[in-house]
Amino acid sequence: MTGAVTAVTPREQVARPAPAIELTGVTRQFGDTTALDDVTFRAEPGQVVGLLGHNGAGKTTVTRLVAGLVAPTRGQVRLLGHDPTTDGVWVRRRLGVLPSSQLVDLRMTARENLVFAARLFGLPAAAVAPRVAAVLEELGLADRADDRAGTFSAGMRQRLALARVLLPEPPVLLLDEPSSALDPVAARELRDLVRTASRSQGRTVVLCTHDLAEAAELCDEVVILASGRVVASGPPAELAARLDVTAVVDLGCDPADETAAAAVLRRRGTPGERTGAGEFQVPGVDRAGVPGLLSDLLRDGVRVQAVAPRHHTLADLYFSLHTTRDGGAA
Ligand SMILES: Nc1ncnc2c1ncn2[C@@H]1O[C@H](COP(=O)(O)OP(=O)(O)OP(=O)(O)O)[C@@H](O)[C@H]1O
């Protein structure tokens with residue numbers, strides 16, 4: 001049989017755009033400390049890629065390498081095909097970095113902060129006022145534009161910091177824990193802005209975060225770092241699904257039938273764990289196993305009220321990886 005496989009010709013390979021960010025076999029040492037150890041990952045244009053890991057896992061070192069602030073000890077770093085250590089100016093013109101620390105001057109108004117930054121970024125004089133007005137509008141700060149940033153809430157300050165980063169319209173954004181100090185509402189507003197930057201404006205976003213729910217919600221791909229090494233990477237749902245081999249079902253029955261239900265579960269060899277009155281967590285049952293579990297329970301007269309196969313989350317995967325590593329069982 002011929003023609004079943006669509007081959008990629010060398011011409012097409014050449015035509016394909018360079019990844020927005022690409023690290024290949026990157027190791028970075030600081031004296032005796034290996035901050036990154038043979039790290040490989042890429043962010044394609046328009047993707048949101050999450051960098052996850054404990055404190056000290058190496059996330060900030062990745063952002064410093066991409067910005068050209070440090071060079072790799074071994075391996076290769078590229079931003080849109082360019083080497084940040086030799087093409088630093090080119091790279092930094094296309095990269096917006098939101099550091100985890102404060103980026104706005106609290107004594108200045110929102111507009112003054114942005115005008116000041118626009119001049120630093122070298123925007124043409126005639127473009128400064130309209131561009132500042134546009135980002136103030138985009139980030140929902142237009143009605144507070146002439147108030148001092150010191151009077152802003154943490155969420156508004158962070159939006160102003162993001163407005164500053166977006167001023168020169170960089171195609172690639174590196175956001176270091178952008179929502180860590182925000183309340184749930186402000187964090188959601190910021191997530192919406194990140195989503196807009198990616199989905200509507202086509203920017204590539206690398207998001208360093210400790211917030212696993214945020215990563216699962218926003219990221220097309222996540223890279224989990226532990227002690228400077230990549231321990232897992234891929235789309236969040238796919239990573240979480242890897243854990244589903246040990247599927248668990250949440251079972252609820254009439255509390256009066258709890259003893260009968262427990263007897264059925266013991267007989268099936270999966271006693272599970274009692275989680276409440278008439279409620280059990282039953283291990284080793286995936287979706288395909290639910291009908292068998294149900295019929296065994298119903299045959300013994302158990303009045304089943306709920307059966308819910310549980311899906312693992314990115315958080316489950318993260319903790320399983322770190323438990324294995326830190327527990328020394330890996
Ligand atoms: N300039 C430096 N000199 C010495 N060690 C460093 C330097 N920069 C980073 N390290 C070390 O490299 C490791 C990774 O640090 P990095 O800041 O990249 O981690 P991180 O994942 O960003 O942590 P956090 O979440 O706390 O910001 C740590 O052990 C850190 O102490």
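We count ligands from 1, going down the list as the structure has it; atoms in each ligand are counted the same way. Source: prediction; values computed, not measured.
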Minimum non-hydrogen distance to atom 14 (C) of ligand 1, winning option of Ala226, Gly56, Gly31: Gly56

Check if Gly53 has a non-hydrogen atom at a distance under 4.0 Å from any atom of ligand 1. no

Can you pull out the closest protein heavy atom to atom 29 (O) of ligand 1? Residue, atom name and distance to 0.1 Å, please. Thr33 CG2, 3.8 Å

Single-linkage hydrophobic cluster Val115~Phe152, side-chain heavy atoms < 4.5 angstrom: yes

Candidate pair Arg144 and Thr151, rule side chain to side chain donor-acceptor pair (under 3.5 Å), full reasoning: CA-CA 10 Å; Arg144 298 288 304 274; Thr151 66; 3.3 Å; yes

Look up atom 31 (O) of ligand 1 and tell me if a protein heavy atom lies less than 4.0 Å from it? no

In terms of residue, atom name and distance, what is the protein heavy atom nearest to atom 17 (O) of ligand 1? Thr60 CB, 3.6 Å

Is Glu221 salt-bridged to Arg42, cutoff N-O under 4.0 Å? no

Starting from atom 5 (N) of ligand 1, which protein heavy atom do you reach first, and at what distance in Å? Phe30 CB, 3.5 Å

Under 4.0 Å from a heavy atom of His210: which atoms of ligand 1 are those, numbered in the order shown and with their elements? 25 (O)

Taking all non-hydrogen atoms of both residues, which atom of Glu258 and which atom of Arg274 are closest, and how far apart? OE2-NE, 2.5 Å

Atoms in ligand 1 flagged as close to Ala57, the criterion being non-hydrogen separation under 4.0 Å: 19 (O), 20 (P), 21 (O)

Among the heavy atoms of His54, does any lie under 4.0 Å from an atom of ligand 1? yes

For ligand 1, is any non-hydrogen atom under 4.0 Å from Thr61's backbone (N, CA, C, O), its side chain (CB onward), both, or neither? both

Can you tell me the protein heavy atom closest to atom 12 (O) of ligand 1 and the distance? Ala35 CB, 3.2 Å

Would you say Thr63 and Cys208 make side-chain contact, with heavy atoms under 4.5 Å? yes

Between Asp300 and Arg267, does any side-chain N to carboxylate O distance fall below 4.0 Å? yes

Specify the protein heavy atom at minimum distance from atom 26 (O) of ligand 1: its residue, its atom name, and the distance to 0.1 Å. Asn55 ND2, 3.0 Å

Any salt bridge linking Arg93 with Asp87? Criterion: basic side-chain nitrogen under 4.0 Å from a carboxylate oxygen. no

Check the hydrophobic clustering (I, L, V, M, F, W, Y; side-chain heavy atoms under 4.5 Å; chains of links allowed) and say if Leu106 and Met156 are grouped together. yes

Over 12 foreign heavy atoms within 6.0 Å of CZ, Phe121: yes

Which atoms of ligand 1 sit under 4.0 Å from any heavy atom of Glu177? 25 (O)

Which protein non-hydrogen atom lies closest to atom 25 (O) of ligand 1, naming both residue and atom, and how far is it? Lys59 NZ, 2.8 Å

